[in-house]
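Here the structure is a predicted model, which means the values were calculated and not measured. A, B, ... follow the sequence lines: proteins, then strands. Residue 1 opens every chain.
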Protein chains: 2
Amino acid sequence: MTRVLVVDDEPQIVRALAINLKARGYDVDTAGDGTAALTAAADRHPDVVLLDLGLPDIDGVEVIKGLRGWTRIPIIVLSARHASAEKVAALDAGADDYVTKPFGMDELLARLRAAVRRAVPEEEAPVVVTDSFTVDLAAKRVSRDGADVRLTPTEWHLLEVLVRHAGRLVSQRALLQEVWGPQYGTETNYLRVYMAQLRRKLEHDPSHPRHLLTEPGMGYRFEG
Amino acid sequence: MTRVLVVDDEPQIVRALAINLKARGYDVDTAGDGTAALTAAADRHPDVVLLDLGLPDIDGVEVIKGLRGWTRIPIIVLSARHASAEKVAALDAGADDYVTKPFGMDELLARLRAAVRRAVPEEEAPVVVTDSFTVDLAAKRVSRDGADVRLTPTEWHLLEVLVRHAGRLVSQRALLQEVWGPQYGTETNYLRVYMAQLRRKLEHDPSHPRHLLTEPGMGYRFEG
DNA sequence: TCTTGATGTCAAGGGCGCGTCAAGAAGGCA
DNA sequence: TGCCTTCTTGACGCGCCCTTGACATCAAGA
(Lines give C-alpha, C1' and ligand atoms only; values in the text may rest on other atoms or scores of the structure.)
Protein backbone atom coordinates (compact mmCIF):
# COMPACT_ATOMS: atom_id res chain seq x y z
CA MET A 1 0.00 0.00 0.00
CA THR A 2 1.23 3.46 -0.83
CA ARG A 3 2.14 5.48 2.23
CA VAL A 4 1.55 9.24 2.11
CA LEU A 5 2.90 11.78 4.58
CA VAL A 6 0.64 14.84 4.81
CA VAL A 7 2.32 17.94 6.25
CA ASP A 8 0.20 20.98 7.02
CA ASP A 9 -0.30 23.17 10.08
CA GLU A 10 -4.04 23.49 9.57
CA PRO A 11 -5.70 20.45 11.16
CA GLN A 12 -8.85 20.66 9.04
CA ILE A 13 -6.82 20.49 5.84
CA VAL A 14 -4.86 17.56 7.18
CA ARG A 15 -8.07 15.84 8.15
CA ALA A 16 -9.73 16.45 4.79
CA LEU A 17 -6.71 15.15 2.91
CA ALA A 18 -6.35 12.15 5.18
CA ILE A 19 -9.98 11.15 4.72
CA ASN A 20 -9.78 11.44 0.96
CA LEU A 21 -6.52 9.56 0.74
CA LYS A 22 -7.59 6.75 3.04
CA ALA A 23 -10.79 6.35 1.05
CA ARG A 24 -8.59 5.74 -2.01
CA GLY A 25 -6.64 3.06 -0.24
CA TYR A 26 -3.60 5.09 0.75
CA ASP A 27 -1.87 4.71 4.05
CA VAL A 28 -1.67 8.15 5.66
CA ASP A 29 0.72 9.67 8.18
CA THR A 30 0.47 13.31 9.24
CA ALA A 31 2.68 16.03 10.62
CA GLY A 32 1.81 19.53 11.74
CA ASP A 33 5.16 21.27 11.37
CA GLY A 34 8.53 20.92 9.68
CA THR A 35 10.29 19.19 12.53
CA ALA A 36 7.57 16.61 12.87
CA ALA A 37 7.62 16.17 9.09
CA LEU A 38 11.32 15.39 8.97
CA THR A 39 11.02 13.00 11.89
CA ALA A 40 7.98 11.27 10.45
CA ALA A 41 9.62 10.92 7.06
CA ALA A 42 12.70 9.29 8.57
CA ASP A 43 10.58 7.15 10.84
CA ARG A 44 7.82 5.95 8.57
CA HIS A 45 9.49 6.02 5.15
CA PRO A 46 6.51 7.32 3.17
CA ASP A 47 6.29 6.78 -0.57
CA VAL A 48 5.30 10.39 -1.21
CA VAL A 49 5.08 13.63 0.76
CA LEU A 50 2.36 16.29 0.49
CA LEU A 51 4.00 19.39 1.92
CA ASP A 52 2.46 22.71 2.82
CA LEU A 53 4.99 25.51 2.50
CA GLY A 54 3.63 27.71 5.28
CA LEU A 55 4.75 25.83 8.35
CA PRO A 56 5.09 27.46 11.77
CA ASP A 57 8.63 26.40 12.58
CA ILE A 58 10.78 25.77 9.51
CA ASP A 59 10.48 27.28 6.06
CA GLY A 60 9.03 24.77 3.63
CA VAL A 61 11.98 25.00 1.26
CA GLU A 62 14.25 24.02 4.13
CA VAL A 63 12.08 20.97 4.75
CA ILE A 64 12.50 20.01 1.10
CA LYS A 65 16.26 20.38 1.36
CA GLY A 66 16.27 18.37 4.56
CA LEU A 67 14.44 15.52 2.89
CA ARG A 68 16.55 15.68 -0.24
CA GLY A 69 19.60 15.22 1.90
CA TRP A 70 18.87 11.53 2.17
CA THR A 71 15.92 10.56 0.01
CA ARG A 72 14.48 11.06 -3.45
CA ILE A 73 10.89 10.24 -2.62
CA PRO A 74 8.39 12.44 -4.47
CA ILE A 75 7.51 15.72 -2.75
CA ILE A 76 4.37 17.54 -3.85
CA VAL A 77 4.15 21.07 -2.51
CA LEU A 78 0.77 22.52 -1.52
CA SER A 79 0.80 26.25 -1.12
CA ALA A 80 -1.43 29.28 -1.05
CA ARG A 81 1.36 31.33 -2.57
CA HIS A 82 1.02 31.88 -6.29
CA ALA A 83 4.21 33.85 -6.71
CA SER A 84 6.46 32.48 -9.40
CA ALA A 85 9.56 32.89 -7.27
CA GLU A 86 8.12 30.64 -4.58
CA LYS A 87 7.39 27.90 -7.07
CA VAL A 88 10.83 28.13 -8.63
CA ALA A 89 12.50 28.02 -5.24
CA ALA A 90 10.52 24.97 -4.14
CA LEU A 91 10.99 23.09 -7.41
CA ASP A 92 14.69 23.86 -7.56
CA ALA A 93 15.10 22.79 -3.96
CA GLY A 94 13.95 19.37 -5.07
CA ALA A 95 10.18 19.36 -5.03
CA ASP A 96 8.53 17.30 -7.75
CA ASP A 97 5.34 19.29 -8.16
CA TYR A 98 3.72 22.47 -6.91
CA VAL A 99 -0.02 22.79 -6.46
CA THR A 100 -1.58 26.09 -5.46
CA LYS A 101 -4.46 26.29 -3.00
CA PRO A 102 -7.31 26.04 -3.41
CA PHE A 103 -6.89 22.90 -5.46
CA GLY A 104 -9.30 20.30 -6.76
CA MET A 105 -9.04 16.97 -4.99
CA ASP A 106 -9.28 15.12 -8.31
CA GLU A 107 -6.33 17.01 -9.70
CA LEU A 108 -4.26 16.52 -6.58
CA LEU A 109 -4.94 12.79 -6.62
CA ALA A 110 -3.97 12.60 -10.29
CA ARG A 111 -0.72 14.45 -9.59
CA LEU A 112 -0.12 12.14 -6.67
CA ARG A 113 -0.57 9.10 -8.89
CA ALA A 114 1.77 10.60 -11.48
CA ALA A 115 4.42 11.25 -8.85
CA VAL A 116 4.19 7.77 -7.39
CA ARG A 117 4.11 6.15 -10.82
CA ARG A 118 7.40 7.60 -11.98
CA ALA A 119 9.13 7.25 -8.63
CA VAL A 120 12.17 5.06 -8.58
CA PRO A 121 11.37 2.13 -6.33
CA GLU A 122 13.30 2.66 -3.17
CA GLU A 123 15.82 -0.06 -2.74
CA GLU A 124 16.77 -0.22 0.84
CA ALA A 125 18.34 -3.36 2.21
CA PRO A 126 15.23 -5.45 1.75
CA VAL A 127 16.79 -8.83 2.39
CA VAL A 128 17.07 -9.98 5.97
CA VAL A 129 19.08 -13.11 6.60
CA THR A 130 19.14 -15.38 9.62
CA ASP A 131 20.88 -18.69 9.98
CA SER A 132 17.67 -20.58 9.34
CA PHE A 133 15.66 -18.45 6.91
CA THR A 134 15.80 -15.45 4.58
CA VAL A 135 13.21 -12.71 4.18
CA ASP A 136 13.10 -10.57 1.03
CA LEU A 137 10.84 -7.66 1.87
CA ALA A 138 10.78 -6.18 -1.63
CA ALA A 139 9.96 -9.40 -3.43
CA LYS A 140 7.70 -10.56 -0.61
CA ARG A 141 9.28 -13.96 -0.43
CA VAL A 142 10.72 -16.14 2.28
CA SER A 143 13.12 -18.99 1.75
CA ARG A 144 14.55 -21.62 4.01
CA ASP A 145 17.44 -23.89 3.11
CA GLY A 146 17.28 -22.47 -0.40
CA ALA A 147 13.66 -23.41 -0.97
CA ASP A 148 10.81 -20.94 -1.00
CA VAL A 149 8.42 -21.11 1.91
CA ARG A 150 4.78 -20.41 1.21
CA LEU A 151 3.18 -18.01 3.65
CA THR A 152 -0.46 -17.00 3.82
CA PRO A 153 -1.21 -13.26 3.62
CA THR A 154 -1.67 -12.95 7.38
CA GLU A 155 1.47 -14.93 8.13
CA TRP A 156 3.44 -12.73 5.76
CA HIS A 157 2.03 -9.51 7.13
CA LEU A 158 2.86 -10.50 10.68
CA LEU A 159 6.38 -11.54 9.75
CA GLU A 160 6.89 -8.35 7.78
CA VAL A 161 5.97 -6.14 10.72
CA LEU A 162 8.31 -8.02 13.02
CA VAL A 163 11.19 -7.99 10.55
CA ARG A 164 10.81 -4.28 9.84
CA HIS A 165 11.28 -3.71 13.56
CA ALA A 166 14.15 -6.19 13.75
CA GLY A 167 15.69 -6.41 17.20
CA ARG A 168 12.98 -4.27 18.75
CA LEU A 169 10.04 -5.41 20.82
CA VAL A 170 6.66 -5.02 19.16
CA SER A 171 3.72 -5.00 21.53
CA GLN A 172 0.83 -7.37 21.00
CA ARG A 173 -1.50 -4.42 20.57
CA ALA A 174 0.71 -2.88 17.88
CA LEU A 175 0.96 -6.18 16.02
CA LEU A 176 -2.78 -6.77 16.12
CA GLN A 177 -3.59 -3.26 14.95
CA GLU A 178 -1.02 -3.35 12.19
CA VAL A 179 -1.97 -6.76 10.82
CA TRP A 180 -5.66 -7.14 11.62
CA GLY A 181 -6.69 -3.48 11.73
CA PRO A 182 -7.11 -0.65 14.21
CA GLN A 183 -10.24 -2.08 15.81
CA TYR A 184 -8.31 -5.11 17.04
CA GLY A 185 -6.05 -5.02 20.06
CA THR A 186 -7.01 -7.69 22.53
CA GLU A 187 -7.40 -10.81 20.41
CA THR A 188 -4.02 -12.16 21.47
CA ASN A 189 -5.10 -15.67 20.54
CA TYR A 190 -4.66 -14.70 16.88
CA LEU A 191 -1.06 -13.87 17.60
CA ARG A 192 -0.47 -17.15 19.37
CA VAL A 193 -1.87 -19.15 16.48
CA TYR A 194 0.02 -17.29 13.80
CA MET A 195 3.30 -17.04 15.66
CA ALA A 196 3.12 -20.81 16.09
CA GLN A 197 2.55 -21.25 12.36
CA LEU A 198 5.45 -18.97 11.48
CA ARG A 199 7.72 -20.83 13.87
CA ARG A 200 6.65 -24.15 12.44
CA LYS A 201 7.44 -22.97 8.95
CA LEU A 202 10.63 -21.05 9.65
CA GLU A 203 12.37 -22.12 12.84
CA HIS A 204 14.59 -25.18 12.99
CA ASP A 205 13.21 -26.04 16.42
CA PRO A 206 9.75 -24.46 16.62
CA SER A 207 9.40 -25.14 20.34
CA HIS A 208 12.65 -23.33 21.05
CA PRO A 209 12.54 -20.38 18.65
CA ARG A 210 15.75 -18.47 18.11
CA HIS A 211 14.45 -15.65 15.88
CA LEU A 212 10.74 -15.26 16.54
CA LEU A 213 10.85 -14.63 20.24
CA THR A 214 8.13 -14.18 22.85
CA GLU A 215 8.46 -11.49 25.48
CA PRO A 216 5.89 -12.72 28.00
CA GLY A 217 3.29 -10.14 28.88
CA MET A 218 4.69 -7.63 26.38
CA GLY A 219 4.82 -8.80 22.81
CA TYR A 220 7.12 -10.39 20.28
CA ARG A 221 10.52 -9.66 18.82
CA PHE A 222 12.36 -10.67 15.68
CA GLU A 223 16.05 -11.27 16.22
CA GLY A 224 18.34 -11.43 13.18
CA MET B 1 22.99 18.86 -23.64
CA THR B 2 19.35 18.40 -22.78
CA ARG B 3 17.12 17.98 -25.81
CA VAL B 4 13.57 19.36 -25.63
CA LEU B 5 10.77 18.61 -28.04
CA VAL B 6 8.24 21.46 -28.19
CA VAL B 7 4.83 20.50 -29.59
CA ASP B 8 2.29 23.25 -30.26
CA ASP B 9 0.20 24.27 -33.24
CA GLU B 10 0.70 28.00 -32.68
CA PRO B 11 3.97 29.01 -34.32
CA GLN B 12 4.47 32.08 -32.16
CA ILE B 13 4.30 30.01 -28.98
CA VAL B 14 6.71 27.48 -30.41
CA ARG B 15 9.05 30.31 -31.37
CA ALA B 16 8.86 31.98 -27.96
CA LEU B 17 9.54 28.71 -26.16
CA ALA B 18 12.34 27.80 -28.51
CA ILE B 19 14.09 31.12 -28.02
CA ASN B 20 13.84 30.92 -24.26
CA LEU B 21 15.00 27.33 -24.12
CA LYS B 22 17.92 27.84 -26.47
CA ALA B 23 18.99 30.86 -24.43
CA ARG B 24 19.19 28.51 -21.42
CA GLY B 25 21.33 26.06 -23.28
CA TYR B 26 18.71 23.52 -24.27
CA ASP B 27 18.67 21.78 -27.60
CA VAL B 28 15.23 22.33 -29.15
CA ASP B 29 13.17 20.35 -31.65
CA THR B 30 9.68 21.38 -32.63
CA ALA B 31 6.50 19.81 -33.98
CA GLY B 32 3.23 21.43 -35.02
CA ASP B 33 0.84 18.52 -34.66
CA GLY B 34 0.48 15.13 -33.04
CA THR B 35 1.75 13.07 -35.95
CA ALA B 36 4.85 15.18 -36.26
CA ALA B 37 5.35 14.99 -32.52
CA LEU B 38 5.29 11.19 -32.47
CA THR B 39 7.64 11.03 -35.45
CA ALA B 40 10.02 13.59 -33.97
CA ALA B 41 10.07 11.85 -30.62
CA ALA B 42 10.95 8.52 -32.20
CA ASP B 43 13.47 10.19 -34.49
CA ARG B 44 15.29 12.57 -32.22
CA HIS B 45 14.91 10.92 -28.82
CA PRO B 46 14.36 14.07 -26.80
CA ASP B 47 15.02 14.14 -23.05
CA VAL B 48 11.72 15.87 -22.34
CA VAL B 49 8.55 16.83 -24.24
CA LEU B 50 6.54 20.03 -23.89
CA LEU B 51 3.15 19.11 -25.26
CA ASP B 52 0.19 21.32 -26.06
CA LEU B 53 -3.06 19.44 -25.71
CA GLY B 54 -4.99 21.30 -28.42
CA LEU B 55 -3.45 19.85 -31.54
CA PRO B 56 -5.17 19.93 -34.91
CA ASP B 57 -4.92 16.25 -35.81
CA ILE B 58 -4.73 13.96 -32.78
CA ASP B 59 -6.09 14.49 -29.30
CA GLY B 60 -3.29 15.33 -26.90
CA VAL B 61 -4.10 12.45 -24.58
CA GLU B 62 -3.65 10.07 -27.51
CA VAL B 63 -0.23 11.56 -28.15
CA ILE B 64 0.69 10.89 -24.54
CA LYS B 65 -0.47 7.30 -24.82
CA GLY B 66 1.43 6.90 -28.06
CA LEU B 67 4.63 8.06 -26.44
CA ARG B 68 4.09 6.01 -23.30
CA GLY B 69 3.81 2.94 -25.47
CA TRP B 70 7.57 2.89 -25.83
CA THR B 71 9.20 5.52 -23.66
CA ARG B 72 9.10 7.00 -20.19
CA ILE B 73 10.68 10.35 -20.99
CA PRO B 74 9.11 13.24 -19.07
CA ILE B 75 6.07 14.83 -20.72
CA ILE B 76 4.97 18.27 -19.54
CA VAL B 77 1.55 19.24 -20.81
CA LEU B 78 0.85 22.86 -21.71
CA SER B 79 -2.82 23.65 -22.04
CA ALA B 80 -5.29 26.48 -21.98
CA ARG B 81 -7.85 24.15 -20.47
CA HIS B 82 -8.24 24.53 -16.74
CA ALA B 83 -10.85 21.82 -16.31
CA SER B 84 -9.96 19.29 -13.68
CA ALA B 85 -11.07 16.38 -15.85
CA GLU B 86 -8.61 17.37 -18.58
CA LYS B 87 -5.74 17.43 -16.13
CA VAL B 88 -6.68 14.10 -14.62
CA ALA B 89 -6.99 12.48 -18.03
CA ALA B 90 -3.62 13.77 -19.17
CA LEU B 91 -1.81 12.86 -15.96
CA ASP B 92 -3.36 9.41 -15.83
CA ALA B 93 -2.45 8.83 -19.46
CA GLY B 94 1.16 9.21 -18.42
CA ALA B 95 1.98 12.93 -18.39
CA ASP B 96 4.40 14.07 -15.71
CA ASP B 97 3.12 17.59 -15.22
CA TYR B 98 0.34 19.87 -16.38
CA VAL B 99 0.84 23.63 -16.77
CA THR B 100 -2.07 25.87 -17.66
CA LYS B 101 -1.69 28.77 -20.05
CA PRO B 102 -0.84 31.50 -19.58
CA PHE B 103 2.18 30.40 -17.61
CA GLY B 104 5.24 32.16 -16.33
CA MET B 105 8.42 31.24 -18.17
CA ASP B 106 10.33 31.02 -14.89
CA GLU B 107 7.87 28.51 -13.51
CA LEU B 108 7.88 26.44 -16.68
CA LEU B 109 11.64 26.30 -16.69
CA ALA B 110 11.67 25.25 -13.04
CA ARG B 111 9.17 22.48 -13.77
CA LEU B 112 11.28 21.47 -16.74
CA ARG B 113 14.37 21.24 -14.55
CA ALA B 114 12.42 19.22 -11.98
CA ALA B 115 11.19 16.79 -14.65
CA VAL B 116 14.63 16.30 -16.17
CA ARG B 117 16.30 15.99 -12.77
CA ARG B 118 14.16 13.08 -11.63
CA ALA B 119 14.09 11.33 -15.00
CA VAL B 120 15.37 7.81 -14.90
CA PRO B 121 18.23 7.29 -17.33
CA GLU B 122 16.84 5.32 -20.21
CA GLU B 123 17.75 1.69 -19.95
CA GLU B 124 17.15 -0.58 -22.84
CA ALA B 125 14.47 -3.16 -22.37
CA PRO B 126 15.99 -6.59 -22.10
CA VAL B 127 14.83 -9.90 -23.44
CA VAL B 128 13.55 -12.22 -20.76
CA VAL B 129 13.88 -15.92 -21.39
CA THR B 130 12.26 -18.81 -19.61
CA ASP B 131 12.35 -22.46 -20.53
CA SER B 132 8.92 -22.26 -22.10
CA PHE B 133 8.66 -18.78 -23.60
CA THR B 134 10.60 -15.62 -24.44
CA VAL B 135 9.53 -12.02 -23.87
CA ASP B 136 11.12 -9.18 -25.83
CA LEU B 137 10.08 -6.04 -24.00
CA ALA B 138 11.46 -3.64 -26.60
CA ALA B 139 9.92 -5.34 -29.61
CA LYS B 140 6.73 -6.13 -27.70
CA ARG B 141 6.69 -9.71 -28.82
CA VAL B 142 6.43 -13.05 -27.18
CA SER B 143 7.54 -16.30 -28.67
CA ARG B 144 7.15 -19.88 -27.61
CA ASP B 145 9.00 -22.81 -29.14
CA GLY B 146 10.35 -20.42 -31.78
CA ALA B 147 6.92 -19.26 -32.93
CA ASP B 148 5.41 -15.90 -32.12
CA VAL B 149 2.48 -15.88 -29.75
CA ARG B 150 -0.31 -13.41 -30.37
CA LEU B 151 -1.33 -11.48 -27.26
CA THR B 152 -4.16 -8.98 -26.96
CA PRO B 153 -3.21 -5.49 -25.72
CA THR B 154 -4.42 -6.23 -22.21
CA GLU B 155 -2.69 -9.57 -22.08
CA TRP B 156 0.55 -7.95 -23.17
CA HIS B 157 0.26 -5.11 -20.71
CA LEU B 158 -0.32 -7.50 -17.84
CA LEU B 159 2.57 -9.70 -18.85
CA GLU B 160 4.84 -6.69 -19.27
CA VAL B 161 4.16 -5.42 -15.76
CA LEU B 162 4.85 -8.83 -14.29
CA VAL B 163 8.03 -9.34 -16.30
CA ARG B 164 9.37 -5.89 -15.44
CA HIS B 165 9.09 -6.91 -11.79
CA ALA B 166 10.54 -10.35 -12.40
CA GLY B 167 10.89 -12.38 -9.23
CA ARG B 168 8.99 -9.84 -7.17
CA LEU B 169 5.44 -10.17 -6.02
CA VAL B 170 3.08 -7.65 -7.58
CA SER B 171 -0.10 -7.03 -5.61
CA GLN B 172 -3.45 -7.41 -7.26
CA ARG B 173 -4.17 -3.76 -6.62
CA ALA B 174 -0.92 -2.66 -8.27
CA LEU B 175 -1.59 -4.84 -11.30
CA LEU B 176 -5.11 -3.58 -11.73
CA GLN B 177 -4.11 0.05 -11.39
CA GLU B 178 -1.19 -0.33 -13.75
CA VAL B 179 -3.05 -2.19 -16.48
CA TRP B 180 -6.64 -1.01 -16.17
CA GLY B 181 -6.12 2.41 -14.60
CA PRO B 182 -5.99 4.07 -11.19
CA GLN B 183 -9.71 3.88 -10.56
CA TYR B 184 -9.56 0.09 -10.57
CA GLY B 185 -8.27 -1.89 -7.66
CA THR B 186 -10.84 -4.43 -6.57
CA GLU B 187 -11.92 -6.07 -9.82
CA THR B 188 -9.80 -9.13 -9.20
CA ASN B 189 -11.94 -11.16 -11.58
CA TYR B 190 -10.20 -9.37 -14.46
CA LEU B 191 -6.90 -10.66 -13.20
CA ARG B 192 -8.19 -14.19 -12.89
CA VAL B 193 -9.49 -14.20 -16.44
CA TYR B 194 -6.37 -12.70 -17.99
CA MET B 195 -3.89 -14.68 -15.96
CA ALA B 196 -5.69 -17.80 -17.11
CA GLN B 197 -5.41 -16.67 -20.73
CA LEU B 198 -1.72 -15.89 -20.39
CA ARG B 199 -1.10 -19.26 -18.83
CA ARG B 200 -3.03 -21.01 -21.55
CA LYS B 201 -0.94 -19.26 -24.18
CA LEU B 202 2.45 -19.43 -22.52
CA GLU B 203 2.74 -22.18 -19.94
CA HIS B 204 3.42 -25.77 -20.90
CA ASP B 205 1.01 -26.96 -18.23
CA PRO B 206 -1.46 -24.11 -17.65
CA SER B 207 -2.98 -25.72 -14.61
CA HIS B 208 0.44 -26.02 -12.97
CA PRO B 209 2.14 -22.77 -13.96
CA ARG B 210 5.86 -22.54 -13.40
CA HIS B 211 6.42 -18.92 -14.37
CA LEU B 212 3.16 -17.03 -13.89
CA LEU B 213 2.56 -17.81 -10.26
CA THR B 214 -0.31 -17.00 -7.92
CA GLU B 215 0.39 -15.95 -4.37
CA PRO B 216 -3.05 -16.53 -2.87
CA GLY B 217 -4.52 -13.47 -1.27
CA MET B 218 -1.57 -11.30 -2.19
CA GLY B 219 -0.92 -11.06 -5.89
CA TYR B 220 1.03 -12.60 -8.74
CA ARG B 221 4.67 -13.17 -9.51
CA PHE B 222 6.65 -13.82 -12.67
CA GLU B 223 9.49 -16.25 -12.18
CA GLY B 224 12.24 -16.41 -14.79
C1' DT C 1 2.39 -27.72 46.04
C1' DC C 2 -1.37 -25.14 44.43
C1' DT C 3 -3.22 -21.19 41.97
C1' DT C 4 -3.41 -18.01 38.37
C1' DG C 5 -2.64 -15.76 34.17
C1' DA C 6 -0.40 -16.00 29.90
C1' DT C 7 1.25 -18.69 26.10
C1' DG C 8 1.47 -22.84 22.94
C1' DT C 9 -1.02 -26.55 20.40
C1' DC C 10 -4.52 -28.74 17.79
C1' DA C 11 -8.55 -29.40 15.05
C1' DA C 12 -12.87 -28.17 12.77
C1' DG C 13 -16.15 -25.17 10.29
C1' DG C 14 -17.43 -21.59 7.40
C1' DG C 15 -16.33 -18.21 4.30
C1' DC C 16 -14.04 -16.51 0.48
C1' DG C 17 -10.55 -16.17 -2.98
C1' DC C 18 -9.17 -18.40 -7.17
C1' DG C 19 -9.59 -20.95 -11.55
C1' DT C 20 -12.70 -22.03 -15.12
C1' DC C 21 -16.16 -21.57 -18.57
C1' DA C 22 -19.21 -19.14 -21.39
C1' DA C 23 -22.21 -15.58 -22.92
C1' DG C 24 -23.05 -10.77 -23.70
C1' DA C 25 -21.18 -6.05 -24.81
C1' DA C 26 -18.13 -3.13 -27.15
C1' DG C 27 -15.07 -1.69 -30.61
C1' DG C 28 -12.34 -2.02 -35.01
C1' DC C 29 -12.27 -2.95 -39.86
C1' DA C 30 -13.82 -4.23 -44.42
C1' DT D 1 -23.86 -3.04 -42.20
C1' DG D 2 -21.87 -7.25 -40.60
C1' DC D 3 -17.98 -9.92 -39.02
C1' DC D 4 -14.31 -10.68 -35.89
C1' DT D 5 -11.50 -9.77 -32.03
C1' DT D 6 -11.30 -8.23 -27.49
C1' DC D 7 -13.10 -6.93 -23.14
C1' DT D 8 -16.42 -7.35 -19.47
C1' DT D 9 -19.45 -9.79 -16.50
C1' DG D 10 -21.77 -13.57 -14.16
C1' DA D 11 -22.07 -18.25 -12.27
C1' DC D 12 -20.12 -22.28 -10.08
C1' DG D 13 -17.22 -25.45 -7.52
C1' DC D 14 -13.05 -26.50 -5.24
C1' DG D 15 -9.56 -25.75 -1.97
C1' DC D 16 -7.42 -23.07 1.34
C1' DC D 17 -7.21 -19.58 4.91
C1' DC D 18 -9.09 -17.31 8.93
C1' DT D 19 -11.42 -17.77 12.95
C1' DT D 20 -12.71 -20.00 17.05
C1' DG D 21 -12.94 -23.06 21.03
C1' DA D 22 -10.96 -26.51 23.97
C1' DC D 23 -7.15 -28.08 26.25
C1' DA D 24 -2.13 -28.47 27.47
C1' DT D 25 1.90 -26.22 29.13
C1' DC D 26 4.68 -22.98 31.49
C1' DA D 27 6.34 -19.39 34.87
C1' DA D 28 5.79 -16.85 39.00
C1' DG D 29 4.21 -16.16 43.51
C1' DA D 30 1.96 -17.54 47.87
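- Checking B:Thr134 against B:Asp136 by side-chain atom types alone, no donor-acceptor pair falls below 3.5 Å.
- One finds a salt bridge joining B:Asp52 and B:Lys101 here, because a Lys/Arg side-chain nitrogen approaches an Asp/Glu carboxylate oxygen to under 4.0 Å.
- At a threshold of 4.0 angstrom between heavy atoms, the contacts of A:Thr188 with the nucleic acid are absent.
- Between A:Asp97 and B:Arg111 there is a salt bridge, with a side-chain nitrogen of the basic residue lying less than 4.0 Å from a carboxylate oxygen of the acidic one.
- Using a cutoff of 4.0 Å between basic side-chain nitrogens and carboxylate oxygens, B:Arg3 and B:Asp47 are not scored as salt-bridged.
- Residues A:Ser143 and A:Asp148 have side chains that never bring a donor and an acceptor to within less than 3.5 angstrom of each other.
- A salt bridge links A:Glu155 to A:Lys201: one of the charged nitrogens lies within less than 4.0 Å of a carboxylate oxygen.
- Here A:Arg210 pairs with A:Asp131 in a salt bridge; the nearest charged N to carboxylate O distance falls below 4.0 Å.
- The side-chain hydrogen bond (donor to acceptor under 3.5 Å, both in side chains) test with B:Arg221 singles out one residue from B:His211, B:Glu215, B:His165, and that residue is B:Glu215.
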| request: Spell out protein contact along nucleotides 6-21 of chain D as letters: B when the base is contacted, S when just the sugar-phosphate is, - when no protein heavy atom is under 4.0 Å; keep the 5' to 3' order. | output: SBBB-------SBBB-
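- Taking a heavy-atom distance under 4.0 Å as the criterion, the stretch of DNA chain C touched by chain A extends 5' to 3' from C:dA6 to C:dC10.
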